[in-house]
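A short write-up of the structure that comes next.
For reference, positions follow the sequence shown, starting with 1. Every number for a ligand or one of its atoms is a count from 1 in the order of the listing. No experiment lies behind these values; they were computed from the predicted model shown.
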Amino acid sequence: MVARVIDGLAAAKEIRQECKARVNKLVQSGIRPGLAVILVGNDPASAVYVKNKIRACDEVGVHSLQFKFPSDIAEEAVLKKIEELNRDPQVHGILVQLPLPRHFDLSRILLTISPEKDVDGFHLYNVGGLVVGNTVFPPCTPFGVLKLLQSNNIKIEGQNVVVVGASNIVGKPMALMLMQQDATVCICHAKTRDLAQFTILADILVVAAGRPNLIVPQMVKTGAVVIDVGINRLSSGELVGDVDFAGVSEKASYITPVPGGVGPMTVTMLIYNTVASAERVFASGE
Ligand code: NAD
């Protein structure tokens, strides 16, 4: 079997076009969706992520605001800015680029963002919503994976899903979202004994561990759908996922490449959530 390669770039492009049309409609009604991005410190990777997010806003017509703070800024100053943005009617989404410097209390920062503007989906209210199935904003990376599965008409209901990785931003919300779609879900992590005994059972295998070559063909069931969320930079400079792409491609029915798979979907779902937030405000007549 040779897997079909899921084209994340094409799927992201289609969703951005849809977002653009929805933005145009909102603008005609007097609302331009707005996203505020807070960046603390000078981590080069974070600066690139923020740049990509701003570029994606520009592409679909979402108004973006950037707030940059030095790494030694007091937490209170950032909290004050978030509170200000919570009250600003032109801002429909607020995101604080992670990671934050060590002296920050991350949970306090996330709890201060209004759940109605928490387009990253990290506020406890939104996390709780994932458990009961009506979250306001699904977190962007697992939301992007779900959209990729749906846009390729991959059946989720009743399927055995194994999620490798149990982080708060990818693995855990991914598992909850797929459970909500009536899949049978198993989560594995760094302390899992004999990972292969679980992965081999997966009809859909989602891997988000940050370990190059963690998943090799012997660990994959013939015909499985394999979604590689991992992004790893090798010493050679090459960007790879967590899955042995060439080997697993010969066994899987579908596979996502790295780059060009899940990556482009993450920023796109951030824009999607921001547009949805503005639509909600418009529908509520505020
Ligand atoms: P994390 O470090 O917070 O969590 C990694 C998880 O993987 C943990 O639960 C850990 O227990 C598990 N893990 C580590 N080694 C393992 C092993 N050998 N076997 C089984 N489980 C193992 O990372 P994260 O933030 O969840 O990100 C995971 C990967 O996804 C990273 O490569 C990251 O760069 C990538 N990522 C990609 C996107 C995207 O847009 N494509 C978004 C977020 C994260």
Side-chain angles (χ1 to χ4, degrees), residues 5-9 11-13 15-16 43-46 48-53 55-56 95-100 106-107 110 119-122 127 130 137-149 161-178 185-202 205-216 218-220 226-235 237-245 248 255-273:
V5 177
I6 296 178
D7 186 346
L9 277 170
K13 193 170 164 201
I15 295 171
R16 286 188 196 193
D43 175 49
S46 292
V48 171
Y49 292 140
V50 167
K51 208 170 109 194
N52 289 343
K53 288 168 188 179
R55 196 187 299 143
L95 99 81
V96 177
Q97 184 63 44
L98 303 181
L100 284 167
L106 175 61
S107 58
L110 296 180
V119 284
D120 252 346
F122 296 158
V127 176
L130 283 175
F137 299 110
C140 302
T141 300
F143 193 16
V145 171
L146 188 63
K147 284 275 179 192
L148 279 183
L149 294 172
V161 174
V162 176
V163 179
V164 181
S167 71
N168 288 343
I169 63 164
V170 189
K172 282 186 211 162
M174 183 80 262
L176 288 164
M177 287 164 85
L178 292 168
V185 181
C186 162
I187 310 185
C188 300
H189 45 76
K191 298 282 163 70
T192 298
R193 281 183 287 124
D194 190 3
L195 185 61
Q197 69 169 321
F198 297 99
T199 58
I200 197 77
L201 296 176
L205 178 61
V206 182
V207 192
R211 300 279 180 275
N213 258 329
L214 179 66
I215 303 298
V216 291
Q218 308 85 282
M219 299 166 78
V220 178
V226 179
I227 307 290
D228 192 352
V229 183
I231 302 177
N232 309 288
R233 176 80 63 186
L234 301 181
S235 53
E238 193 191 350
L239 207 61
V240 298
D242 293 349
V243 176
D244 163 11
F245 182 82
V248 172
I255 191 165
T256 59
V258 179
V262 177
M265 294 298 284
T266 298
V267 178
T268 300
M269 300 325 290
L270 174 72
I271 303 300
Y272 185 98
N273 278 347

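- Some N or O of Ile231 is nearer than 3.5 Å to an N or O of ligand 1, by distance alone.
- By the 4.5 Å heavy-atom criterion applied to side chains, Asn232 and Val240 are counted as neighbours.
- Remark: ligand 1 and Gly165 share no N or O pair separated by less than 3.5 Å (distance only, no angle test).
- Among Val267, Asn168, Thr266, the residue whose heavy atom lies closest to atom 40 (O) of ligand 1 is Thr266.
- Residues passing the side chain to side chain donor-acceptor pair (under 3.5 Å) test with Ser107, sequence neighbours excluded: Asp105.
- Taking 4.0 Å as the cut-off, Thr192 does not count as a neighbour of ligand 1 on heavy-atom distance.
- In this structure, Ala208 is part of the shell of residues with a heavy atom less than 4.0 angstrom from ligand 1.
- Of all protein heavy atoms, the one lying nearest to atom 29 (C) of ligand 1 is Gly210 N, 3.6 Å.
- With a 4.0 Å heavy-atom cut-off, ligand 1 is reached by the side chain of Val164 but not by its N, CA, C or O.
- Between Val170 and ligand 1, no pair of N/O atoms sits closer than 3.5 Å.
- Counting heavy atoms under 4.0 Å from ligand 1, residue Val229 touches it through both backbone and side chain.
- With hydrogens and angles disregarded, a donor-acceptor distance shorter than 3.5 Å links the side chain of Asp242 to the backbone of Ala209.
- Two residues are said to be in side-chain contact when any heavy atoms from C-beta on lie closer than 4.5 Å; Ile200 and Val220 fail this criterion.
- In this structure, Asn52 has no side chain to side chain donor-acceptor pair (under 3.5 Å) partners at least two apart in sequence or on a different chain.
- Considering both main-chain and side-chain atoms, Asp242 never comes within under 3.5 Å of ligand 1 through any nitrogen or oxygen pair.
- Looking only at protein heavy atoms, the nearest one to atom 10 (C) of ligand 1 is Ala190 N, 3.8 Å.
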